[in-house]
Number of protein chains: 2
Amino acid sequence: MSLRYALLALLRVGPLSGYDLAKQFTQSVGHVWHAPDSQIYPELRKMEGEGLVEAEEQARGERGRRRMYHVTPTGDQAFLDWMASPLEYQRTRDPAHLRAAYLETTTPDAAREFFEGHIRQWQGELVQWEGELTHIEMLSNPMLTRRLEATTDEDVRKRTIAYKRFAYEGLVEHALGEIAWAERGLALVDQLDADAT
Amino acid sequence: MSLRYALLALLRVGPLSGYDLAKQFTQSVGHVWHAPDSQIYPELRKMEGEGLVEAEEQARGERGRRRMYHVTPTGDQAFLDWMASPLEYQRTRDPAHLRAAYLETTTPDAAREFFEGHIRQWQGELVQWEGELTHIEMLSNPMLTRRLEATTDEDVRKRTIAYKRFAYEGLVEHALGEIAWAERGLALVDQLDADAT
DNA sequence: CGGAACATGTAACTCGTTACATGATTAC
DNA sequence: GTAATCATGTAACGAGTTACATGTTCCG
């Protein structure tokens, strides 16, 4: 249900084609809310049907076409309403901690591989999120600069940057926490393994 | 896809009816991998169809019946294979951090309510997980005690407890991290609000 | 005899995943 | 001309959510 609001957040800055939107998406909000192109196109059509966005079909060369989407006042209001509404949290569904709770059923080596995989996984996320943080600090993210160009109000610009930085800081801390936990996990496997022999 | 392994983990300890399984589930693995009863019953039927579990239909009074499920050797092996296989991570889809990145689009009060809701949410999780940790320490969790009764090997018992404790410690730390982040968020809102006036 | 707990589901729907399908235009 | 990139999707499936549906047995 959040996908459409992620899309609205990007489109509110200015009109984009489905293609451009999908590209921008993976480079910004996609780090927080993943969605493949094959989900974005149908969702845009659905939002169009509900009057949240409108598409202007443009010719591209002889036979090519593209649909430029822009947010309607209804869509704008829907986004603002969502922002002001209580957030719906998903129920916890955490495969890594589920598995961790049953590691006694496998070999020490498999347990080590699990924790090493966990570290790799979160290192990967960390790189993405730290990269985004750098882009935010340096104002080198394309969506962010478009967003900042759209306003002259210095306060709004400041808050825009502050909240984006803050959001990614939270994600970075989470990744660091997972990595630290998994490293302690490796130590635990070693210790239990040593005790057993 | 993890649901069936969560179910197998519980059933491996000993036979249970769908009803008992669902109850045990919410009190143990359900804290890590949520699933409603209406998902558990069909999944058991599906697993039965795939030969991972078998059901023994028992009479209960005159007309009542219940299906006692137990794990087959195939199911046992499937669980062990899963434990030794690389874990499939889900793509990040984090509504809270998505919203946090766009808080400049709403009022300071709505931003505060968001962070307060975030704190409430994770306080709730924290209570669950700290409760589980206490049950683990005190050996007062019914599934855990059944699990421990099933083995006499002191090493296995020790590791069983150690990994469960470790898994829940990780969850508790995550919850504490989210709460700390949201508290800093409240301070940020105040600061930006003060700067703006 | 009435309510709590036991017991097992179905149906409709939304969201997300994976794989596939197709063609146009631009830059070299 | 050919490869990269632009551009837009569909189809089938699996997982999860919400609401509903139904009946039994045990305990006081």
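Naming convention: chains lettered A, B, ... in sequence-line order (proteins, then strands); numbering from 1 in each chain.
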Round to the nearest Å and state the distance from L44(A) atom CG to dG9(D) atom P. 9 Å
Hey, could you give me the OG1/CD1 distance between T26(A) and I40(A), rounded to the nearest 0.5 Å? 7.5 Å
Does L148(B) reach the side chain of I161(B), with side-chain heavy atoms less than 4.5 Å apart? yes
How many whole angstroms separate atom CZ of R66(A) from atom C1' of dT26(C)? 14 Å
Identify which nucleotide among dG9(D), dT18(D), dT17(C) has an atom closest to any side-chain atom of P36(A), counting heavy atoms from C-beta outward. dT17(C)
Side chain to side chain donor-acceptor pair (under 3.5 Å) partner of H118(B), the single match among E178(B), Q123(B), E113(B), E183(B): E178(B)
Just the rounded figure in Å: distance from P of dC6(C) to OH of Y41(B). 10 Å
Within the 4.0 Å limit for protein heavy atoms, which parts of nucleotides 20-28 of chain D are touched? Write it as a string from 5' to 3', B for base, S for sugar-phosphate only, - for none. ----SS---
Closest to the P42(A) side chain: dT17(C), dT10(D), dG9(C)? dT10(D)
Rounded off to whole Å, could you give me the CD-to-P distance for the Q24(B) and dA7(C) pair? 12 Å
note: L3(B), atom CG; dG16(D), atom C1'; distance rounded to Å ~ 10 Å
In whole Å, what is the span from the CD atom of E43(A) to the P atom of dT17(C)? 13 Å
Specify whether W181(A) and F115(A) have parallel, tilted or perpendicular ring planes, treating 30° as the upper limit for parallel and 60° as the lower limit for perpendicular. perpendicular
Is P95(B) close to W33(A) at the side-chain level, that is, under 4.5 Å between some pair of heavy atoms? yes
Below 4.0 angstrom from OP1 or OP2 of dT18(D), is there any side-chain N or O of R91(A)? no
Would you mind reading off the distance between D37(B) atom CG and dA5(C) atom C1', rounded to a whole angstrom? 13 Å
Establish, with yes or no, whether the OP1 or OP2 oxygen of dC6(C) is under 4.0 angstrom from a side-chain nitrogen or oxygen of Y19(B). yes
Close side-chain approach of H31(B) to H97(A), heavy-atom, < 4.5 Å: no
So, OP1 or OP2 of dA7(D): does either fall under 4.0 Å of a side-chain N or O from K23(A)? no
Tell me which nucleotide among dT17(C), dG9(D), dG16(D) gets nearest to the side chain of R67(A). dG9(D)
Given R65(A), R67(A), M68(A), the one that forms side-chain contact (heavy atoms from CB on, under 4.5 Å) with Q58(A): M68(A)
Q58(B) CD to dT8(C) P, in whole Å, measures 10 Å
Judged by nearest nucleotide, the residue sitting upstream toward the 5' end of DNA chain C, S17(B) or Q39(A), is S17(B)
